[in-house]
Structure formats: structure tokens, C-alpha cells
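Everything below concerns the one structure shown next.
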Amino acid sequence: MAQLAEAEAEAPVSAVQNLYDLAARGHEAVLEHTAGRGIAFVPFFPIAMGGHAGPGGPVAEVAREIGATPSQTAPAWLPHRAPHVLPIPGTSSEHHPKENLGALDVRLTDEQFARLSAAPAS
């Protein structure tokens with residue numbers, strides 16, 4: 001927050017990029033601050049890792065319900081969390097771009113969003 005406040009004092013800020021996903025929610029204050037100012041919040045590594053993404057984890061459960069992959073489901077949580085969130089998933093293999101594009105079609109119900117949100121962050 002201190003860096004963002006310093007930057008805003010010097011020039012208009014149109015976007016910030018932070019690590020943020022279901023498992024890593026350490027930048028909630030920045031997310032809230034940017035929402036009220038029309039600043040895009042661009043999380044890198046938007047695909048939850050660890051227990052969240054494991055076979056029995058909450059992301060996998062919701063993914064099965066909606067017919068998507070966990071790698072498509074986790075980023076779908078982000079814009080549901082806040083509409084100014086623009087996730088940028090990585091593309092380290094040939095199949096990632098197609099899978100990432102498929103995430104654009106993933107829609108979570110309010111109940112699914114709530115279940116994912118209730119999963120503890122790391």
C-alpha cells in the first residue's frame with residue numbers, strides 16, 4: 001500500500017500487478033484500494049496452488065461440478081471477487097493458451113464462489 005500511495009502521489013496509476021489467487025490473498029488492501037479508484041488489479045500466478053488445487057481440494061471439486069479444469073476454475077474466481085481484476089495466467093506449455101482461453105467461459109454460482117472464498121488462504 002505504501003508503494004501504491006507513493007506512486008499515486010507522483011502520477012496517475014492505471015494498473016497494479018501483485019501475486020494474488022485463492023491461496024495467496026496477502027494483497028487484499030491493495031485490491032480494495034484499487035477498486036475504488038478505477039485502477040486495474042492484475043494478479044500474476046492466478047491459478048491457486050497447494051491444497052487448494054489438489055485432487056480433493058475446493059478448486060477441483062467446483063471444477064468437476066462445472067465441467068472445467070482446476071486451472072480454468074481458479075482464475076474464474078478472481079473477476080467474481082472483484083470486476084476490476086484482470087488475471088494473467090502463465091503459458092509455459094502448448095496446451096496452456098487454449099486452457100486459459102477456456103477459463104473465460106467459466107461461470108461460478110454465488111454458492112460456488114462462496115465455497116472457494118471460504119477456503120483458507122496460505
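Residue numbers start at 1 and run along the sequence shown.
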Original post:
Is there a donor-acceptor pair closer than 3.5 Å between any side-chain N or O of E99 and the backbone N or O of S71?
Top reply: no
Original post:
Do the non-hydrogen side-chain atoms of W77 and S117 ever get within less than 4.5 Å of each other?
Top reply: yes
**OP:** With side chain to side chain contact (heavy atoms under 4.5 Å, CB included) as the test, would you mind laying out the steps for T34 and L4 before giving the verdict?
**Re:** CA-CA 9 Å; T34 56; L4 180 54; 4.0 Å; yes
**OP:** Identify the two heavy atoms, one from P75 and one from P70, that lie closest to each other, and give their separation to 0.1 Å.
**Re:** CD-O, 4.3 Å
Subject >> Pairing residues for E28 by the salt bridge (Lys or Arg N to Asp or Glu O under 4.0 Å) criterion, not counting sequence neighbours >> reply: R81
Original post:
Does A23 offer a backbone N or O that forms a donor-acceptor pair with the side chain of D21 under 3.5 Å?
Top reply: yes
Original post:
Between L19 and F44, is a side chain to side chain contact (heavy atoms under 4.5 Å, CB included) present by the stated rule, with each step listed?
Top reply: CA-CA 5 Å; L19 171 62; F44 57 89; 3.6 Å; yes
Subject >> H27 side chain vs P43 backbone, donor-acceptor pair below 3.5 Å >> reply: no
Subject >> Qualifying side chain to side chain donor-acceptor pair (under 3.5 Å) pairs with a residue from residues 3-14, counting only residues at least two apart or across chains >> reply: E8-H33
Original post:
Residues in ring pair (Phe, Tyr, Trp, His ring centres under 6.0 Å) with H80, at least two apart?
Top reply: F113
**OP:** Check whether any side-chain heavy atom of I88 lies under 4.5 Å from a side-chain heavy atom of Q17, and answer yes or no.
**Re:** yes
**OP:** Measure the OG1-CG distance between T73 and L116 for me, rounded to the nearest 0.5 Å.
**Re:** 8.0 Å
Subject >> Closest heavy-atom pair and its distance - A76, V106 >> reply: CB-CG1, 3.5 Å
**OP:** Could you walk me through whether V16 and V42 pass side chain to side chain contact (heavy atoms under 4.5 Å, CB included), step by step?
**Re:** CA-CA 6 Å; V16 297; V42 184; over 6 Å; no
Original post:
If you look at every heavy atom in A119 and P58, which pair is closest and at what distance?
Top reply: CB-CG, 3.8 Å
Subject >> Closest non-hydrogen atom pair between L31 and A82, with its separation >> reply: CD1-CB, 4.3 Å
**OP:** Using only heavy-atom distances, determine whether the side chains of Q112 and E65 contain a donor-acceptor pair under 3.5 Å.
**Re:** yes
Original post:
Do E61 and R115 have side chains that get closer than 4.5 Å, going by heavy atoms?
Top reply: yes
Subject >> Residue pair H84 / I39, side-chain heavy-atom distance below 4.5 Å >> reply: no
**OP:** Applying side chain to side chain contact (heavy atoms under 4.5 Å, CB included), run through L86 and L78 and close with a yes or a no.
**Re:** CA-CA 8 Å; L86 309 170; L78 293 162; over 6 Å; no
